[in-house]
Amino acid sequence: MKTIAALQNLVTAASLDFEPSAAELDAIEVEMPLIRAEVALLDAQIMTIDRPATELDTRRVRRARNRVLAARRDLANRAASTLTGGAA
C-alpha cells in the first residue's frame with residue numbers, strides 16, 4: 001500500500017498573521033471611491049430583489065450604475081496618468 005504525502009510545505013496560521021503593507025493600504029485607498037460606488041449599486045439592486053421595481057427603484061439603480069462607471073473611468077484615468085507621468 002502506498003502512502004500519500006503532501007509535496008508542499010504545510011501552511012500554518014503564523015503565515016496569515018501579516019498586516020497589509022503601506023503600498024497595499026494606499027492601493028485600497030485609491031480604489032475606495034469605486035468600492036463605495038459598487039456597494040451602493042449592490043444595495044440598490046438588493047432592494048429590488050423581492051418586489052417589483054418601481055420607477056424610483058429603476059432610477060436609483062441607473063444612478064448607482066452611472067456612479068460605478070464614473071468611478072471606474074476616474075480610476076482608469078488616474079492609472080493612465082501615472083503610467084505616462086501625467087502628460088496627456
Side-chain angles (χ1 to χ4, degrees):
M1 178 189 224
K2 290 184 180 180
T3 59
I4 299 173
L7 299 177
Q8 298 175 344
N9 293 334
L10 294 175
V11 178
T12 61
S15 66
L16 301 176
D17 290 337
F18 297 114
E19 296 291 326
S21 68
E24 292 170 333
L25 291 173
D26 290 340
I28 292 170
E29 187 67 31
V30 167
E31 293 177 5
M32 192 53 72
L34 176 59
I35 294 168
R36 286 188 184 118
E38 288 176 338
V39 168
L41 174 60
L42 187 59
D43 287 342
Q45 291 171 334
I46 287 171
M47 288 173 40
T48 62
I49 286 177
D50 60 345
R51 60 184 167 89
T54 63
E55 181 64 29
L56 181 63
D57 293 331
T58 305
R59 284 187 217 161
R60 185 177 291 124
V61 170
R62 185 176 59 238
R63 287 181 186 142
R65 194 174 290 136
N66 288 339
R67 280 188 225 111
V68 168
L69 291 174
R72 285 182 184 168
R73 179 198 63 218
D74 294 342
L75 188 60
N77 287 341
R78 180 179 292 171
S81 69
T82 58
L83 291 176
T84 61

Measure the CZ-CG distance between R73 and N66 for me, rounded to the nearest 0.5 Å. 10.0 Å

Keeping the roles fixed (side chain from D74, backbone from A71), state whether a donor-acceptor pair exists under 3.5 Å. no

Nearest-0.5 Å distance that lies between atom CG in L69 and atom CZ in R67: 11.5 Å

Just how far is it from atom CG of D43 to atom CE of M47, taken to the nearest 0.5 Å? 8.0 Å

What is the minimum heavy-atom distance between E24 and P20, and which atoms define it? OE1-CA, 3.2 Å

Closest heavy-atom pair, A64 versus A44, reported as atoms and distance to 0.1 Å, is CB-CB, 4.5 Å

Atom pair CD (E38) and CG (L41), whose distance is rounded to the nearest 0.5 Å: 8.0 Å

Quick check: do L34 and R72 have side-chain heavy atoms less than 4.5 Å from each other? yes

In the structure I gave you, are the side-chain heavy atoms of L42 and V39 within less than 4.5 Å of one another anywhere? no

Of all heavy-atom pairs between V30 and R78, which one has the smallest distance, and what is that distance? CG1-NH1, 3.5 Å

Taking all non-hydrogen atoms of both residues, which atom of L75 and which atom of E31 are closest, and how far apart? CD2-CG, 4.0 Å

If you measure from CD on E19 to CG on L25, what distance do you get to the nearest 0.5 Å? 8.5 Å

